[in-house]
Amino acid sequence: MKFAYKFSNLMGAVFRRGNLLFTPDGYSVVSPVGNRITIFDLKNNKSSTLDVESSYNYTAIALSPNGCLLVAVNEIGEAQMISMISRTTIHRYKFRSDVKCVLFSPDGKYFAACVETAVLVFRTPGEASGTYGSFVVARAIEVAYDDTVSLDWAANSKLLAIGSKDNTVRLHNVEWLETFRPFVLGGHRDAIVGCFFEDKTLDLNTISRDGQLMLWECGMDIDELEKTRAQIEGEEGEQENAPPREKRKRNPDGEDEEQQEKLSAEKDLEKDGATGSGNDLRMEQLRDAGMAKEGEERDEQGKLIVQQKRHPFYYKRLARHFLGNEPRKENRNAVVSSVAYHNQLRILVMAFSTGAFYLYELPDANMIHSLSISEMSIASVTFNNTGDWLALGVSELGQLLVWEWQSEQYIMKQQEHAQGMNSVAYSPDGHQVVTAGQDGKVKLWNIANGFCIVTFTEHTSAVMAVEFCRNKKFLVSASLDGTVRAYDVVRYRNFRTFTSPEPAQFASVAVDYSGELVAAGGQDSFEIYLWSMKLGRLLEVLSGHEGPVVSLAFAPVASSSAMVSGSWDQTIRIWDCLESSGAHETVPLGSDVVCVAFKPDGEEVAVSTLNGNITVFHVKTAAQLASIEGRNDMEGSVSQTDLNTAKKNLLGRAFMSICYSADGECLLAGGKSKYVCIYNVKEAILLKKFQITQNRSLDGMDEYMNRRNLTEFGNMALLEEREELEGGNVAIRLPGVKTVDSAARNVKPEVNVKGVRFSPSGQSWTAVSTEGLLVYALHKGIVFDPFQLSTEVTPKAARALLHDERNYAGALIMALKLNESTLLQEVVENVPYRDIELVIGSLPDEFALRTLQFIAKLLGNTQHIEFYLRWANLLLTRLGQVESLLDSQTLVTLHQNLNRKYEQLNKICDFNKYTLQVLKNLSLSGSKPRQGGLVAKEISNGNDGGDDAASSEDEFELMLMNERGINRHKSGTGSSTDEEETDASGEDQEAMDEDDEE
């Protein structure tokens with residue numbers, strides 16, 4: 001078995017903190033999820049997580065206008081420049097503090113970052129800026145008296161509007177402009193949340209935290225920034241030298257400036273005429289007044305008054321709107337948490353701390369839309385390029401929504417488990433995975449696209465365990481609310497609810513191979529309850545354990561009805577549920593049992609205990625076969641508030657979840673650690689250890705105590721941080737709390753792995769961790785893994801046998817020994833269709849099995865469907881006659897890829913069928929005889945042709961409505977508990993999906 005597993009995707013978490021972005025095409029959302037970045041493709045209905053990980057949670061991200069570069073900054077100021085083409089980190093930079101906002105300029109030459117009271121402007125590496133250096137500072141602007149929090153670029157990418165917490169917005173230039181001067185806009189009474197330039201102008205809109213909106217008009221056009229002061233003054237001079245008639249038109253008072261100057265000169269003469277000694281002075285004043293030029297003013301003594309001309313770059317306030325009054329009617333403490341503006345449509349969206357958002361049309365600030373999506377604060381909101389979609393993120397709930405405000409419908413609605421996950425299980429075909437949450441919800445996820453399909457909310461308390469039935473028809477979940485529920489995964493409804501005679505909290509659940517029996521272990525009653533799935537009745541209560549039954553497992557084979565239960569009473573018990581359900585065999589272990597797992601062949605069972613060991617027993621003889629000491633592999637760590645060392649903490653670590661691989665040779669184990677280990681069961685050795693996270697924002701990541709927190713007064717992390725009135729914001733967890741701290745405390749989550757599970761095909765495995773559901777898959781790159789290789793086996797020799805000698809069996813054996821996928825595909829596809837049976841007959845059994853494994857992997861992506869189905873059919877016929885040669889892993893992979901190919905073809909055929917029906921009905925509705933050409937008839941008939949077209953369109957819509965109504969009636973009603981479903985494919989896709997279910 002290969003162990004080239006690499007991180008593939010992150011599910012179960014969609015948004016944590018930071019800002020959301022739309023890609024330039026407007027069809028994808030970029031979301032920071034902890035220390036990773038996930039891209040949700042709404043057009044193709046798929047999510048993918050970048051294989052880039054930061055050491056702390058991301059707080060600010062920005063995407064270049066061409067969509068090729070992504071700048072992401074974490075909470076301690078470490079920045080990464082990520083290539084969206086190769087999806088790798090190409091540059092790194094360390095800011096002096098955390099960054100509140102990052103934004104690229106419209107032309108892509110610069111990007112700016114808000115760092116404390118300053119703004120740093122960097123040149124973007126590439127052809128646009130002419131530089132290829134990483135994080136080259138173009139300008140550093142020290143602007144505000146408080147932290148800068150928002151940015152916006154003018155359309156020409158030369159001006160920056162900077163909003164800060166000191167209630168002002170400042171305008172600064174990036175490149176030198178003669179007609180520009182730094183400008184400060186004030187008047188707000190609270191911190192600035194957003195500032196936005198209008199499209200192709202320098203007009204500005206500013207929004208403060210209290211909901212106050214101000215509209216500012218600039219005295220210059222954006223084109224005038226390129227001109228000099230002399231050019232602008234020359235244009236003003238030309239306007240002043242215009243004819244007098246035009247001047248009068250521009251003067252509303254109706255008086256000419258020359259007449260005003262004459263009147264003022266006469267008044268001066270009258271004043272000075274009383275004295276005879278001032279005749280000379282009066283004559284000089286008359287002479288100066290006569291020589292005065294137009295636009296000049298003089299004082300009483302005739303001296304020239306020098307007028308300072310107004311600077312051409314200035315702002316004046318046009319309007320002020322108080323938009324926070326509406327949400328404060330419901331909550332007086334409502335404040336603006338996030339804003340976004342689409343300058344082409346001139347639509348402003350304001351999100352508030354109450355969980356509601358409002359859309360306003362500027363400049364009149366008319367409210368055109370409003371919606372409340374939650375009771376928590378909306379942390380981020382943004383428009384796509386067309387302004388039709390809104391992306392909203394709620395960090396407290398881990399919720400991400402894409403809302404189309406014109407049609408008022410969700411494009412995407414995803415939410416993670418509010419308080420973490422407890423358990424995970426794969427469906428038998430490996431297409432879906434189900435998770436159980438601490439919030440009482442059960443979520444079903446699609447492995448292919450990473451989206452949540454449905455959420456079941458029937459449980460009223462934490463769901464501790466979940467399990468799929470092997471026929472894929474249903475799943476069961478056990479909860480602390482005293483119920484075990486069965487859900488139909490086809491119609492998405494809860495069709496069975498099992499309860500105990502006396503109230504009991506269930507901590508474990510299991511389903512037998514046939515799906516007829518359901519068992520659940522009690523956490524407070526120490527008993528095992530056995531129900532019939534078909535009858536829905538309690539069959540028996542199995543007693544014997546003296547502690548909570550925390551793990552149950554049925555034998556995964558049809559020939560056995562054995563069940564193994566593990567308890568905190570330091571024993572496992574092996575039950576036979578069908579023959580004599582009361583009889584059992586007790587195996588003492590010497591330590592509390594935390595998890596049990598069956599081997600795929602049903603002969604062995606692995607037990608994880610609290611002392612950190614994994615012990616393997618034979619089910620029938622109860623003999624110990626192997627023992628693995630795995631505590632040291634978990635590597636101890638310390639949290640911020642620990643008083644013990646990492647070595648001391650390691651004594652309390654254990655593997656809380658274990659799972660066998662698909663071939664039964666290896667064990668996957670995870671616990672309260674950042675590591676997941678894979679062991680070889682037979683040799684009892686560690687094969688590989690995966691570090692699932694590098695996020696130092698989580699607690700328990702350090703192996704040593706941070707010496708900076710240790711002072712003469714003790715550990716500073718143990719000191720409570722309170723406000724002036726001794727209120728909340730206490731940073732210490734309640735004593736004894738392990739799972740969730742529901743008090744008003746701000747504590748760092750601790751890294752933990754609560755569940756691991758291999759996929760049925762063995763191609764991937766998942767781990768339920770603090771960060772979400774991590775999916776690791778086999779790396780699809782070039783891996784040289786030969787099989788029975790010798791010196792004469794080369795790709796050249798294989799191609800010579802294939803093309804020159806036409807020895808297809810020999811070429812295939814050589815390709816299988818080299819184990820190169822491209823060479824194997826070339827050899828297989830060059831075998832003639834009529835010779836496939838002969839080639840398979842001449843292959844040894846081992847090579848025939850490896851050929852089937854390769855065919856099973858390639859069948860899901862190939863276009864030669866019938867050709868590969870012929871290979872698969874003949875190989876199964878050949879290998880099915882050999883005892884114990886076919887393994888379940890190969891069969892599951894083949895079945896999975898066949899199902900995927902069948903679904904793709906089914907959708908194509910349904911689409912073609914409906915299209916042909918529509919074309920047929922359209923041809924029948926328009927088959928009336930017409931005289932002359934179609935165009936001539938429509939021109940001659942005028943509106944008659946339009947009426948015919950409208951009637952045919954009406955018939956077409958009526959026909960589609962009838963067909964959809966019939967399909968919905970046939971396919972059933974479905975479940976009303978679908979909380980989160982993606983709607984990126986439209987109504988036609990929904991109709992085809994319903995027909996697929998039928």
Side-chain angles (χ1 to χ4, degrees), residues 101 103 114 117 119 141 143-156 158-173 177 179-225 232 236 250 252 307-328 334-352 358-368:
C101 180
L103 191 64
C114 294
T117 60
V119 172
I141 309 171
V143 288
Y145 296 101
D146 206 340
D147 291 346
T148 54
V149 293
S150 62
L151 287 172
D152 196 36
W153 288 87
N156 60 357
K158 295 183 179 180
L159 296 187
L160 263 178
I162 306 167
S164 64
K165 290 184 178 180
D166 60 2
N167 306 351
T168 61
V169 176
R170 289 172 167 81
L171 287 98
H172 284 268
N173 59 323
L177 299 170
T179 56
F180 176 81
R181 60 170 176 168
F183 210 85
V184 182
L185 304 177
H188 285 283
R189 298 175 298 183
D190 207 341
I192 301 298
V193 179
C195 50
F196 306 99
F197 280 103
E198 291 287 353
D199 187 29
K200 298 180 181 179
T201 65
L202 296 178
D203 298 343
L204 198 66
N205 306 319
T206 59
I207 303 98
S208 61
R209 190 168 175 266
D210 58 356
Q212 184 177 353
L213 168 67
M214 289 190 181
L215 308 181
W216 305 87
E217 183 183 22
C218 184
M220 290 180 60
D221 293 333
I222 194 169
D223 299 332
E224 294 180 354
L225 287 174
I232 296 177
E236 292 178 354
R250 284 194 294 266
Q307 295 181 351
Q308 293 184 354
K309 292 189 176 180
R310 189 174 188 178
H311 196 281
F313 188 83
Y314 64 91
Y315 276 88
K316 64 179 180 179
R317 190 174 65 197
L318 294 179
R320 177 189 293 180
H321 302 281
F322 298 92
L323 304 180
N325 296 332
E326 187 67 26
R328 289 195 185 95
V335 294
V336 179
S337 57
S338 181
V339 292
Y341 183 65
H342 197 278
N343 54 13
Q344 296 177 357
L345 299 179
R346 304 197 70 181
I347 294 178
L348 175 72
V349 56
M350 298 179 66
F352 288 86
Y358 300 83
L359 265 71
Y360 297 94
E361 188 177 13
L362 300 187
D364 298 330
N366 297 324
M367 187 175 71
I368 58 178

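Quick note: numbers below take in every heavy atom, side chains included, and nothing from hydrogens, waters or symmetry partners. Nothing fancy with the numbering, it's 1 onward along the sequence. Since this is a predicted model, take the numbers as computed values, not measurements.
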Student: Between CG of N173 and CZ of F183, what distance do you get to the nearest 0.5 Å?
Tutor: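 Going from CG on N173 over to CZ on F183, the span is 14.0 Å.
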Student: If the condition is side chain to side chain donor-acceptor pair (under 3.5 Å), which residues does Q212 pass it with, not counting sequence neighbours?
Tutor: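 Residues passing side chain to side chain donor-acceptor pair (under 3.5 Å) with Q212: none at all.
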Student: For F352 and Y358, take the angle between the two ring planes, folded into 0 to 90°, and tell me which bin it lands in: parallel under 30, tilted 30 to 60, perpendicular over 60.
Tutor: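 Because their plane-to-plane angle is over 60°, the rings of F352 and Y358 count as perpendicular.
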Student: Do you know which two heavy atoms are closest between M214 and G186, and how far apart they sit?
Tutor: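 For M214 and G186, the tightest heavy-atom pair comes out as SD-O, 3.8 Å.
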Student: Could you check whether any side-chain heavy atom of T206 comes within less than 4.5 Å of a side-chain heavy atom of L213, counting everything from C-beta outward?
Tutor: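 Not in contact.
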Student: Below 4.5 Å, heavy atoms only, C-beta onward: do N205 and L348 meet side chain to side chain?
Tutor: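 Answer no - side chains too far apart.
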Student: Run the side-chain contact (heavy atoms from CB on, under 4.5 Å) test against D146 and tell me which residues pass, sequence neighbours left out.
Tutor: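 Result, side-chain contact (heavy atoms from CB on, under 4.5 Å) vs D146: K165, D166.
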Student: So do Y315 and R317 actually touch side chain to side chain, heavy atoms under 4.5 Å?
Tutor: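 The answer is no, as the side chains (C-beta and beyond) never meet within the 4.5 Å cut-off.
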Student: Is any side-chain heavy atom of R181 closer than 4.5 Å to one of Y314?
Tutor: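 In short, these two side chains touch, coming nearer than 4.5 Å.
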Student: Minimum heavy-atom separation for A334 to R328, with atom names?
Tutor: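 Heavy atoms only, the tightest pair is O-NE, 3.3 Å.
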Student: Taking all non-hydrogen atoms of both residues, which atom of F313 and which atom of C218 are closest, and how far apart?
Tutor: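 What the structure gives for the nearest pair is CE1-SG, 3.9 Å.
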Student: So, for P312 and T179, which heavy atoms are closest and what is the spacing to 0.1 Å?
Tutor: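 Shortest heavy-atom contact: CG-O, 4.5 Å.
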Student: Once rounded to the nearest 0.5 Å, what's the spacing between atom CG of D221 and atom CG of D203?
Tutor: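 Rounded to the nearest 0.5 Å, the CG-CG separation comes out at 8.5 Å.
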Student: Identify which one of V119, V149, I192 satisfies the side-chain contact (heavy atoms from CB on, under 4.5 Å) criterion when paired with I162.
Tutor: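 For I162, the side-chain contact (heavy atoms from CB on, under 4.5 Å) check succeeds only for V119.
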Student: Is there a side-chain contact between R170 and S164, using heavy atoms and a 4.5 Å cut-off?
Tutor: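 R170 vs S164: side chains touch.
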Student: Side chain of N156, backbone of K158: donor and acceptor closer than 3.5 Å?
Tutor: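 Indeed, once roles are kept as given, a pair shorter than 3.5 Å links the two residues.
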Student: Please evaluate residues M220 and L225 with respect to the criterion side chain to side chain contact (heavy atoms under 4.5 Å, CB included), reporting the C-alpha separation (whole Å), side-chain torsions for both, the decisive distance (0.1 Å), and the verdict.
Tutor: CA-CA 8 Å; M220 290 180 60; L225 287 174; 4.0 Å; yes
Student: Checking side chain to side chain contact (heavy atoms under 4.5 Å, CB included) for the pair L323/I207: CA distance, chi angles, key distance, verdict?
Tutor: CA-CA 9 Å; L323 304 180; I207 303 98; over 6 Å; no
Student: To check you understand the geometry: which heavy-atom pair defines the closest contact between C195 and A161, and what is its length?
Tutor: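 Closest approach of C195 to A161, heavy atoms only: SG-O, 3.5 Å.
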Student: Given side chains that start at C-beta, do those of V339 and F196 come closer than 4.5 Å, heavy atoms only?
Tutor: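 Yes, close enough: below the 4.5 Å cut-off.
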Student: Atom CG of L215 and atom CG of L362: how far apart are they, to the nearest 0.5 Å?
Tutor: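 One gets 6.0 Å once the value is rounded to the nearest 0.5 Å.
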Student: Side chains of R346 and Y341: does their closest heavy-atom pair fall under 4.5 Å?
Tutor: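 SC-SC contact between R346 and Y341 confirmed.
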Student: In Å, rounded to the nearest 0.5 Å, how long is the span from CG of N167 to CG of D190?
Tutor: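 Answer rounded to 0.5 Å: 6.0 Å.
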Student: Mind checking the OH-NE2 spacing from Y360 to H321? Nearest 0.5 Å is all I need.
Tutor: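 Reported value, rounded in 0.5 Å steps: 11.0 Å.
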Student: In Å and rounded to the nearest 0.5 Å, what is the CG to CG distance from L204 to D152?
Tutor: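 Between atom CG of L204 and atom CG of D152 there are 7.5 Å.
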Student: With heavy-atom distances below 4.5 Å as the criterion, would you say the side chains of T201 and I222 are in contact?
Tutor: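 No - every pair of side-chain heavy atoms lies 4.5 Å or more apart.
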